[in-house]
**Student:** 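Take this structure, written in structure tokens, and hold onto it; I'll ask about it next.
Below, chains carry the letters A, B, ... as their sequence lines are ordered, and counting in each starts from 1. Keep in mind that the numbers below use all heavy atoms, side chains included, and drop hydrogens, waters and symmetry copies. It should be emphasised that the depicted structure is a prediction, and the values quoted were computed from it without experimental measurement.
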Number of protein chains: 2
Amino acid sequence: MAQQTEAVHRTPLTRDRVLRAAVALADDIGIEALSMRKLAKELGVVPMALYKHVSNKEQLLDGMVDVVVGEIDPPAPGSNWKSAVRHRILSARRALLGHPWAAQVIQSRSSPTPVVLAYMDSVIGMFRTGGFSVDLTHHVMHALGSRMMGITQELFDASPAPDPRAQRAAPQEDAGEYPYVMELAAAAAHDEGSVVGQGCDDQFEFEFALDLLLDGFERLRQQGWSSVGHLRGKTL
Amino acid sequence: MAQQTEAVHRTPLTRDRVLRAAVALADDIGIEALSMRKLAKELGVVPMALYKHVSNKEQLLDGMVDVVVGEIDPPAPGSNWKSAVRHRILSARRALLGHPWAAQVIQSRSSPTPVVLAYMDSVIGMFRTGGFSVDLTHHVMHALGSRMMGITQELFDASPAPDPRAQRAAPQEDAGEYPYVMELAAAAAHDEGSVVGQGCDDQFEFEFALDLLLDGFERLRQQGWSSVGHLRGKTL
DNA sequence: ACCTGAACACCGTTCAAGT
DNA sequence: ACCTGAACACCGTTCAAGT
């Protein structure tokens, strides 16, 4: 115990070591259980020692996101815009899936770090060099939203959560309520041939939505779409 | 003060009063500042009194979401599927915009309440009665994701956050870094004719992405699209 | 100048003691 | 049986006292 503390103290604490330890700890115990105090204990230092390398917990989370974004593959050169964007986003998704907490933390950040900004810049560049106008690129980036980072926002699960609370809260609507939800859930459970409830193929759903958007983008690009002439909230 | 406490005590505490007070308090002080203790003080009761009506803070948040979802307009009858879905989702968005914390809280819920499930069911029903197969409806609901609740996931802002930290963290890359981001930000700031930085019309961006998806859905419906024959993660 | 123990101002929730 | 004060086991962060 004292020996381990000694050994840990030998390698000096750096911002990088703090961030990597935070990522590993969050992977291990979950983001909601991650605290400055536990992280300090994991590194064999006193909690206050962390504040030499990250000014507060928010900056720690920023840094953790940077670690994940660093795991995204560099852009593959020499392909058309669509497959370039597609591969980059699917690579971001792969990086994200390695860290269950990452999607949630990324979405909680209030302003992008330089690392995130650099990733965005490269994606924007793919559209621009692929023949998208500044105007269209702008709207297309908004339409991608967090999907650009490989994040998909699923509050629809097609498996209405065998949650004990739901049962208790609505005793009379067990059987015939939510007929359309039930229909979908039943079909999803069936066509997979797997256990009831699991059902959905997340990767398929992600690519389905991504391709739907990319195809839409391509169509607008070919049409020479422009926001000029469209109704805007603020008139000129 | 004592008078007010007296008056508040007269009307008995109910789950509904607790939830409405929580919504009002979160609107007022922000979701991160909302605590069981502050909510109790606001209602003039001891913290533990809340636990008679919500079993823990998670269930309080569930209930707060239900209040917001309750503000979504009922479906307008007798229109085609696309305008029905469009209006319902834009109504959800309007409800959400009244409560700055709502989007974040909705996305943090692990399983839908009966109220949320009922809303989902009605949206699914619009697709089904509009001629969508169970299969296509399923994937289309996934593609909508949280946009179905009026939520858009913007981590791209087109205004690279005049954050003092970013300046400090990257001193040499002030000017020429992120050229594509800068190009977009400049164009967004310009074509609005407004103050630099504000730039984007969120409502326009939301509707742009929503219509892009709905148009894509319509195209697939007309084609009689089916997931059978498409590559899936799990082969049959 | 650096480092850190103790303290501050909070949390959500449990529980036993009071009515 | 109901209600609630005090306590428990935590937080992130400040700060003054030590080296």
Side-chain angles (χ1 to χ4, degrees), chain A residues 1-2 4-15 17-19 21-23 25-26 28-65 101 104-105 108-111 164-165 168, chain B residues 1-2 4-15 17-19 21-23 25-26 28-65 101 104-105 108-111 164-165 168:
Chain A
M1 182 68 179
Q4 195 198 359
T5 304
E6 207 81 40
V8 168
H9 269 176
R10 191 166 310 231
T11 40
L13 209 56
T14 61
R15 184 179 153 87
R17 274 194 65 221
V18 169
L19 297 182
V23 166
L25 189 55
D28 203 31
I29 66 175
I31 193 68
E32 71 292 329
L34 177 74
S35 71
M36 299 296 275
R37 290 165 124 106
K38 282 183 194 164
L39 177 57
K41 183 171 279 182
E42 192 75 14
L43 285 161
V45 299
V46 81
M48 271 310 294
L50 299 176
Y51 287 81
K52 274 275 119 70
H53 302 98
V54 289
S55 60
N56 52 39
K57 195 179 181 181
E58 291 299 294
Q59 236 196 52
L60 176 77
L61 295 172
D62 278 344
M64 292 170 68
V65 170
W101 46 270
Q104 176 184 335
V105 172
S108 74
R109 303 300 80 208
S110 53
S111 68
R165 284 179 304 167
R168 186 175 57 64
Chain B
M1 183 63 183
Q4 193 199 1
T5 305
E6 206 81 36
V8 167
H9 268 175
R10 192 165 308 230
T11 41
L13 209 58
T14 62
R15 185 179 153 88
R17 275 194 66 221
V18 169
L19 298 182
V23 166
L25 189 56
D28 202 31
I29 66 174
I31 193 70
E32 71 291 331
L34 178 73
S35 71
M36 298 297 274
R37 290 165 121 107
K38 284 183 194 164
L39 177 57
K41 183 171 281 183
E42 193 74 13
L43 285 162
V45 299
V46 83
M48 270 310 295
L50 299 176
Y51 288 81
K52 274 275 120 72
H53 302 98
V54 289
S55 62
N56 53 37
K57 194 180 182 181
E58 291 300 293
Q59 235 197 50
L60 176 76
L61 294 172
D62 277 345
M64 291 170 68
V65 170
W101 47 269
Q104 176 184 336
V105 172
S108 74
R109 301 300 78 209
S110 55
S111 67
R165 284 179 305 169
R168 185 175 57 63

**Student:** Rounded to the nearest angstrom, tell me the gap between atom CD1 in B/Ile29 and atom P in C/dC10.
**Tutor:**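 Value for this atom pair: 12 Å.
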**Student:** Using whole Å, report how far NZ of B/Lys38 lies from P of C/dG12.
**Tutor:**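 After rounding, the gap between these two atoms is 9 Å.
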**Student:** Kindly say whether A/Ala33 contributes a backbone atom to a donor-acceptor pair with the side chain of A/Lys38 at under 3.5 angstrom?
**Tutor:**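 Yes: the side chain of A/Lys38 pairs with the backbone of A/Ala33.
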**Student:** Quick check for you: to the nearest 0.5 Å, what is the distance between A/Leu39 atom CG and A/Met64 atom CE?
**Tutor:**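 Rounded to the nearest 0.5 Å, the CG-CE separation comes out at 8.5 Å.
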**Student:** Just how far, in rounded Å, is P of C/dG12 from CG of B/Leu39?
**Tutor:**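 Taking atom P of C/dG12 as the reference, CG of B/Leu39 is at 10 Å.
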**Student:** Nearest to the side chain of B/Asn56, heavy atoms from C-beta on, is which of D/dT13, C/dT13, D/dG12?
**Tutor:**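 Shortest atom-to-atom distance from the side chain points to C/dT13.
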**Student:** Could you state the OH-C1' distance from B/Tyr51 to C/dC15, rounded to the nearest angstrom?
**Tutor:**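 Answer to the nearest Å: 13 Å.
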**Student:** When both hydrogen-bonding distances must be under 3.5 Å and the geometry is Watson-Crick or G-U wobble, what is C/dC8 paired with, if anything?
**Tutor:**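 Base partner found: D/dG12.
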**Student:** Spell out, as yes or no, whether a donor-acceptor pair under 3.5 Å connects the side chain of B/Arg15 to the backbone of B/Lys52.
**Tutor:**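 Pair absent, no side-chain N/O of B/Arg15 close to backbone of B/Lys52.
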**Student:** Report the C-alpha separation of B/Leu61 and B/Ile31 in whole Å, then their side-chain angles, then the decisive distance to 0.1 Å, and conclude whether the side-chain contact (heavy atoms from CB on, under 4.5 Å) test is met.
**Tutor:** CA-CA 10 Å; B/Leu61 294 172; B/Ile31 193 70; 4.1 Å; yes
**Student:** At under 4.0 Å between heavy atoms, what does A/Met36 touch on the DNA or RNA strands: base, sugar-phosphate, or nothing?
**Tutor:**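 If one applies the 4.0 Å heavy-atom cut-off, A/Met36 turns out to touch the sugar-phosphate alone, with no base involved.
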**Student:** Between B/Leu43 (CG) and D/dT4 (P), how many Å, whole number?
**Tutor:**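 Whole-Å distance recorded here is 13 Å.
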**Student:** Using atom P in both nucleotides, what's the gap between D/dC8 and C/dG18 to the nearest angstrom?
**Tutor:**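 Between the two P atoms, the distance is 16 Å.
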**Student:** Whole angstrom is fine here: how far is it from CE in A/Met48 over to C1' in D/dG12?
**Tutor:**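 Distance, rounded to whole Å: 10 Å.
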**Student:** To the nearest Å, how far apart are B/Glu32 CD and C/dG12 P?
**Tutor:**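 From B/Glu32 CD to C/dG12 P: 13 Å.
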**Student:** Strictly distance-based, threshold 3.5 Å: is any side-chain N or O of B/His53 a donor or acceptor partner for the main-chain N or O of B/Leu13?
**Tutor:**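 Pair found, side chain donor or acceptor close to backbone of B/Leu13.
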**Student:** Would you indicate which nucleotide in D/dT4, D/dT13, C/dG12 comes nearest to any side-chain atom of A/Arg37?
**Tutor:**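 In terms of side-chain proximity for A/Arg37, the closest of D/dT4, D/dT13, C/dG12 is D/dT13.
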**Student:** Check this one for me: any side-chain N or O of A/Lys52 less than 4.0 Å away from OP1 or OP2 of C/dT4?
**Tutor:**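 No, because none of the side-chain N or O atoms of A/Lys52 sits under 4.0 Å from OP1 or OP2 of C/dT4.
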**Student:** Both distances below 3.5 Å, Watson-Crick or wobble geometry, any strand: find the nucleotide opposite C/dT19.
**Tutor:**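 The answer is D/dA1, by the H-bond criterion.
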**Student:** Calculate the interatomic distance between B/His53 atom NE2 and D/dC2 atom P; express it in whole Å.
**Tutor:**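 Rounded to the whole Å, the gap is 12 Å.
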